[in-house]
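First the structure, in the form of structure tokens, and then the observations on it.
Note that the structure is a prediction, hence the values are computed from the model and not measured. The sequence lines fix the lettering, A, B, ..., with proteins before strands; numbering per chain opens at 1.
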There are 2 protein chains.
Amino acid sequence: MPTEIAVLGGPPPERRDAARNRARLLDAALRLVDERGADQVTMDSVAAAACVGKGTLFRRYGSRAGLMLAVLDHSEAAWQAEVIGGPPPLGPGAPPMERLLAFGRSRLETSLRHADLIAAASGEHGRSHAAAAFTVLHVRHLLAELGVRGDLPLLATAVLAPLEASILVQQVRVDHLSEGRVLAAWSDLVRRVCRDPL
Amino acid sequence: MPTEIAVLGGPPPERRDAARNRARLLDAALRLVDERGADQVTMDSVAAAACVGKGTLFRRYGSRAGLMLAVLDHSEAAWQAEVIGGPPPLGPGAPPMERLLAFGRSRLETSLRHADLIAAASGEHGRSHAAAAFTVLHVRHLLAELGVRGDLPLLATAVLAPLEASILVQQVRVDHLSEGRVLAAWSDLVRRVCRDPL
DNA sequence: AATACAAGCGGACCGTGGTCCGTTTAGCCC
DNA sequence: GGGCTAAACGGACCACGGTCCGCTTGTATT
């Protein structure tokens, strides 16, 4: 029986071949999604492109949604970095309201750009992936800086809700509303929410 | 060659057997969804229960999402009737703000009750089914009565966004926030949006 | 190095959504 | 009623997501 070192809980580390396969699979998925679009990528094709059995793919990522989530997180990492540490007004340095409006514009663009990926990733795990949690936290933080009172976590979620990919796709790609108009309406919403109730 | 009567365009009427099968299928689907829950109902089982071939099912309803949409519309008809003509404060007769808040509470409950059905119906047609259009129209109407200025269609969509089933399921069933708290936050949002900017 | 065993592996297999196409039938005209 | 055609029918068939299980391999222990 192997010595049990990890006294404090936590998942045991991945075996080296497992980690290698995980990386191979993510690589293959990133490449395929990039060159064909998310909804043209089958699980079999990813497994084949990674030279790995299908069973391994599902053991590592759980489901198609899980794999797409990993791809999505990878794709949005750069965006998150810009929000956290990039140049103003999106990054720190600008007044909170300007940052919030810049955030909205940027999020709108990103949601639309990754719409297919987001849809593919939005099965079963609810929407609670790292990326979503990050946006809520960020908006909540900005609202706090603006001195908004109330149930900030829920208010942040409410402000973010109209920027959900599924809603934006309906508005822009089905109803053919211009992105500018959608953004203007969102900005209006934000100003109303943040207005001081003096 | 049959006489062409419909000079003005529009889809030709359904053949009698087709209409009968459509009804049979919807009946079967309603019954199965009611007794097993939407995500335990397979297309094969619906076709079998309706004593109809699977091909027919798909010809009539296009896809699983289409069938579930029909079931959903049927299930929500009663709710829509209450909103349009039921007793206040949900129905007409109460002041607009009271109606709007009652609408929110009612919509929150309905979205959660039909969450599985809504999820099953939300493929491919975007969200543009009759039910969704109805809620937007209604909220838009109430906002107008409240004298709210701005891009009312988009503002209505933004106000409705936090009541989307997917978001509510995450908040209530995953994060275990109470319905009361979620509703309070939504009411707060609405009051902020409707506040007069004097 | 030899041993032991958990972890990992891969591909055959299954259920389900969706399509296809040869056959049947409702509706119209004579 | 008989004949014609477009519409409808239905079930065999396919693709894809997901599971299962017997075999392999990495790693820790001695």
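- Heavy-atom distances to DNA chain D give each of A:D44 and A:G55 a nearest nucleotide, and the one nearer the 5′ end belongs to A:D44.
- Between B:R60 and D:dC9, a side-chain N or O to OP1/OP2 separation shorter than 4.0 Å is present.
- At a threshold of 4.0 angstrom between heavy atoms, the contacts of A:R20 with the nucleic acid are absent.
- Using a 4.0 Å heavy-atom criterion, one finds that B:R22 contacts no nucleic acid atom at all.
- Among D:dG17, C:dG8, D:dG10, the nucleotide with an atom closest to any side-chain atom of B:R59 is D:dG10.
- Neither OP1 nor OP2 of C:dG8 sits under 4.0 Å from any side-chain N or O of A:T56.
- Applying the 6.0 Å contact sphere to CZ of A:R192 captures more than 12 heavy atoms from other residues, nucleotides or ligands.
- Here A:R16 reaches the OP1 or OP2 of D:dT27: one of its side-chain N or O atoms lies under 4.0 Å away.
- Under 4.0 angstrom from either OP1 or OP2 of C:dG17 there lies at least one side-chain N or O belonging to B:R64.
- Residue B:N21 has no polar side-chain atom (N or O) positioned under 4.0 Å from OP1 or OP2 of D:dA8.
- No single ILVMFWY cluster, assembled from side-chain heavy atoms under 4.5 Å apart, contains both B:V182 and B:I167.
- Ring geometry for A:F134 against A:H138 counts as parallel: the plane angle stays under 30°, on a 0 to 90° scale with 60° as the upper cut.
- Side-chain proximity of B:V52 to D:dG10, C:dA12, C:dT16: nearest is D:dG10.
- Looking at B:R15, its side chain has no donor and acceptor atom pair within 3.5 Å of the base of D:dA8.
- Counting only distance, with no hydrogens or angles, the side chain of A:R195 and the backbone of B:R195 share a donor-acceptor pair below 3.5 Å.
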